[in-house]
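Data first, discussion second: the structure below is written as structure tokens.
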Amino acid sequence: MKHDLLIIGGGLSGLFAACVASRQGKKVKILSYGESTLTIGSGIIDVLGYDDDGNFVANPIEGIKNVAKHHPYAKVENDVAKKALQTFMEIAKAENYPYMGDVNRNRWIPTALGNFKPTCLTPYSMNSDVLFEKKHILVVGFEGMKDFYADMVAKNLKKDFEEKKSITSLVIKSDLVNSRDLRDISSIDIAFWLEHEEGFNSFKNQLKPHVTPDTVIVLPAVLGLDPNYDLLDRLQQDLKTTFIEVFSLPPAITGLRLNKMLVSYAKKCGVEIIKKAKVIAAEVVDNKCKSVIVESHGRQKKFYADDFILATGGIYGGGLIAGIGSLKEPIFNIDIEVPEVQTDWSDKKLFSKGKQLFAQFGIEVNNNLVPITKDGKQIIDNLKIVGRNLAGYDFCYEKSGNGVALITAYKAAMDLCKVVR
């Protein structure tokens, strides 16, 4: 069966592109192999936190106008970028997991280290604005939980707020420590514990003596595995205070929730998602992709479509394959120009203050997000590249990863929906 649009990759870019295109009436299929990095990611939408010189960007939409010409944002009209983020918020609201924030303003949110980072859109459970309003901050950790240490977070928050607030920490005990044979406890374990009435009541009762009307509770992202605010609402109502989940190290439950939310919406829109579909090659004739070849259980099958979107991720996600002095996109055999000497791929300083070259490697595209050669000729006319597959940006340095994913996915999907065949 032939589809209007076939998307290779089921991460944030792939899922969002599918949602956008299906809303416009397109028949869409996603081919996904393995779990995407979205399921362990932050779940927040960084659009643009810092410019090329490391200066804080207060208005990310305005900041997009000033990026270098090779940056993915330079391929997208400013009003399209804004509409992409607004569409994401509409989808989140429709799935009863609304995000908060202003597309024209970056906010500062606390991290699992107790410092702050800029971002644009977050779940409501990360409403950090209240941190600056309340007099007392209580940082809550969990016995045996790895990667979140309440006393360290409290200590670092004190540095930021100096003597302006009372900041203390508390460690909650659970029965998970004894049942785990001394293994580390993850945020997923705590979330599962809190979703059961016994765990919820134990947590609430341990916390209650330490809460005053002017207290805000800071804790890791553990308030439920599903994309809703049920646990958050119950706790805030029962204890008459505010809870804030912090930006955490992977695996972060907020990313898992975002993945579930987008998958749910995509399926409601009629998107077909095929998992464990390893795309190994493409059939390209006269600069046009006719089909892609999927290998599964020793067999190969072709999938046909009018248009294709590549959203398989960068080097870390396996969408780009690095060799000795080489880098290649393996499905469409697109070679990426890189220095022959591999040590030149990165800054030799251990803690560089600038962008890393290897982080900017990716597929070069034109303003239609179609892959191009060095001299600007289109390689495959009906293929668009989105998200981390794209060249020209360092998402970690800029704080722009999920923003690029959403904005380029939206542009690609909407451009294809305007095509008259």
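All heavy atoms count here, side chains included; hydrogens, waters and symmetry mates do not.
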Could you check whether any side-chain heavy atom of L138 comes within less than 4.5 Å of a side-chain heavy atom of V218, counting everything from C-beta outward? no

Shortest non-hydrogen pair, G43 vs P123, comes out as O-CD, 4.1 Å

Can you tell if the side chain of E245 reaches within under 4.5 Å of the side chain of L223, non-hydrogen atoms only? yes

Would you call E272-K29 a salt bridge at under 4.0 Å N-O? yes

Should K355 and D52 be marked as a salt bridge (charged side-chain N to carboxylate O under 4.0 Å, His left out) after you check the CA-CA gap, both sets of side-chain angles, and the distance that decides it? CA-CA 8 Å; K355 293 184 177 182; D52 286 348; 2.6 Å; yes

Output for pair (N382 CG, C289 SG), nearest 0.5 Å, gives 6.0 Å

Do Y265 and R23 meet the criterion of a side-chain donor-acceptor pair at a distance under 3.5 Å? yes

Donor on one side chain, acceptor on other, E398 and H71, under 3.5 Å: yes

Mind running side-chain contact (heavy atoms from CB on, under 4.5 Å) on V279 and I293 for me, showing each step along the way? CA-CA 6 Å; V279 182; I293 302 168; over 6 Å; no

Can you confirm whether or not the ring centre of Y124 sits under 6.0 Å from the ring centre of Y99? no

Non-hydrogen atoms of S125 and Y229 that approach each other most closely: N-CE2, 3.7 Å

So, the side chain of N367 versus the backbone of K75: is there a donor-acceptor pair under 3.5 Å, distance only? no

Checking salt bridge (charged side-chain N to carboxylate O under 4.0 Å, His left out) for the pair E77/K411: CA distance, chi angles, key distance, verdict? CA-CA 9 Å; E77 301 82 356; K411 175 179 171 59; 3.7 Å; yes

Ion pair check, K260 and E95, cut-off under 4.0 Å: no

What's the separation between atom CG in L5 and atom CD1 in I7, rounded to the nearest 0.5 Å? 4.5 Å

Return yes if some donor-acceptor pair links the side-chain N/O of D335 with the main-chain N/O of K328 below 3.5 Å, else return no. no

Close side-chain approach of P110 to S128, heavy-atom, < 4.5 Å: yes

Do K288 and I380 come close enough that some side-chain heavy atom pair is under 4.5 Å? no

Check: K384 side chain, N368 main-chain N or O, donor-acceptor pair, under 3.5 Å: yes

Using a 4.5 Å cut-off on heavy atoms from C-beta on, say whether the side chain of L406 contacts that of L85. yes

May I ask you to check whether Q378 and N366 show a side-chain donor-acceptor distance below 3.5 Å? yes

Check whether any side-chain N or O of D4 sits under 3.5 Å from a backbone N or O of K27 as a donor-acceptor pair, and report yes or no. yes

Do R107 and T122 have a side chain donor and acceptor closer than 3.5 Å? yes

Looking at D53 and N55, would you say the former's side chain and the latter's main chain have a donor-acceptor pair under 3.5 Å? no

Mark yes or no for whether S22, through its side chain, and K26, through its backbone, hold a donor-acceptor pair below 3.5 Å. no

For the side chain of D394 and the backbone of C396, is there at least one donor-acceptor N/O pair under 3.5 Å apart? yes

Should F132 and W108 be marked as a ring pair (Phe, Tyr, Trp, His ring centres under 6.0 Å) after you check the CA-CA gap, both sets of side-chain angles, and the distance that decides it? CA-CA 11 Å; F132 303 91; W108 292 94; 9.6 Å; no

Stepwise, does the side-chain contact (heavy atoms from CB on, under 4.5 Å) test hold for T119 with M126? CA-CA 11 Å; T119 193; M126 291 185 170; over 6 Å; no

So which atom in L390 and which in I385 form the shortest heavy-atom distance, rounded to 0.1 Å? CD2-O, 3.5 Å

Atom NE2 of H3 and atom CG of D307: how far apart are they, to the nearest 0.5 Å? 13.5 Å

How many angstroms lie between atom CZ of R105 and atom CG of L121, to the nearest 0.5 angstrom? 10.5 Å

Is a side-chain N or O of T408 found less than 3.5 angstrom from the main chain of G387, in a donor-acceptor match? yes

Ring centroids only, cut at 6.0 angstrom: are F192 and H196 within range, meaning strictly under it? yes

Side-chain contact, heavy-atom cut-off 4.5 Å: K165 with L157? no

Do we see a donor-acceptor contact under 3.5 Å between the side chains of T312 and N389? yes

Nearest 0.5 Å, what's the CG-NZ distance between N59 and K65? 8.5 Å

Check V404, V365, I309 against V386 for a side chain to side chain contact (heavy atoms under 4.5 Å, CB included) and give me the one that passes. I309

Do the non-hydrogen side-chain atoms of L48 and V67 ever get within less than 4.5 Å of each other? yes

Could you measure the distance from the OG1 atom of T242 to the NZ atom of K134? Nearest 0.5 Å is fine. 4.5 Å

Spell out, as yes or no, whether a donor-acceptor pair under 3.5 Å connects the side chain of Y73 to the backbone of V47. yes

For V57 against G63, the heavy-atom pair lying closest together: CG1-CA, 4.0 Å

Around D375, counting heavy atoms of other residues, nucleotides and ligands shown, do more than 12 lie under 6.0 Å from its CG? yes

Of the non-hydrogen atoms in G362 and L320, which two are nearest, and what is the gap between them? CA-CD1, 3.9 Å

Check ion pair E197-R234 (N to O, under 4.0 angstrom): yes

Could you verify whether a donor N or O on one side chain and an acceptor N or O on the other, from D151 and S169, lie under 3.5 Å apart? no

Give me the atom names and distance for the closest heavy-atom approach of K146 to S186. CE-CB, 4.5 Å

Report yes or no: does N78 contribute a side-chain atom to a donor-acceptor pair with the main-chain N or O of I61 at less than 3.5 Å? yes

Give the C-alpha distance, both sets of side-chain angles, the deciding distance and a yes or no for side-chain contact (heavy atoms from CB on, under 4.5 Å) between L219 and V139. CA-CA 6 Å; L219 75 171; V139 182; over 6 Å; no

Under the ring pair (Phe, Tyr, Trp, His ring centres under 6.0 Å) criterion, do F142 and F203 qualify, and how do the steps go? CA-CA 10 Å; F142 296 86; F203 172 68; 5.7 Å; yes

Is the closest side-chain heavy-atom distance between D238 and K204 below 4.5 Å? yes

Could you walk me through whether I167 and F161 pass the side-chain contact (heavy atoms from CB on, under 4.5 Å) test, one step at a time? CA-CA 9 Å; I167 302 175; F161 287 107; 4.0 Å; yes

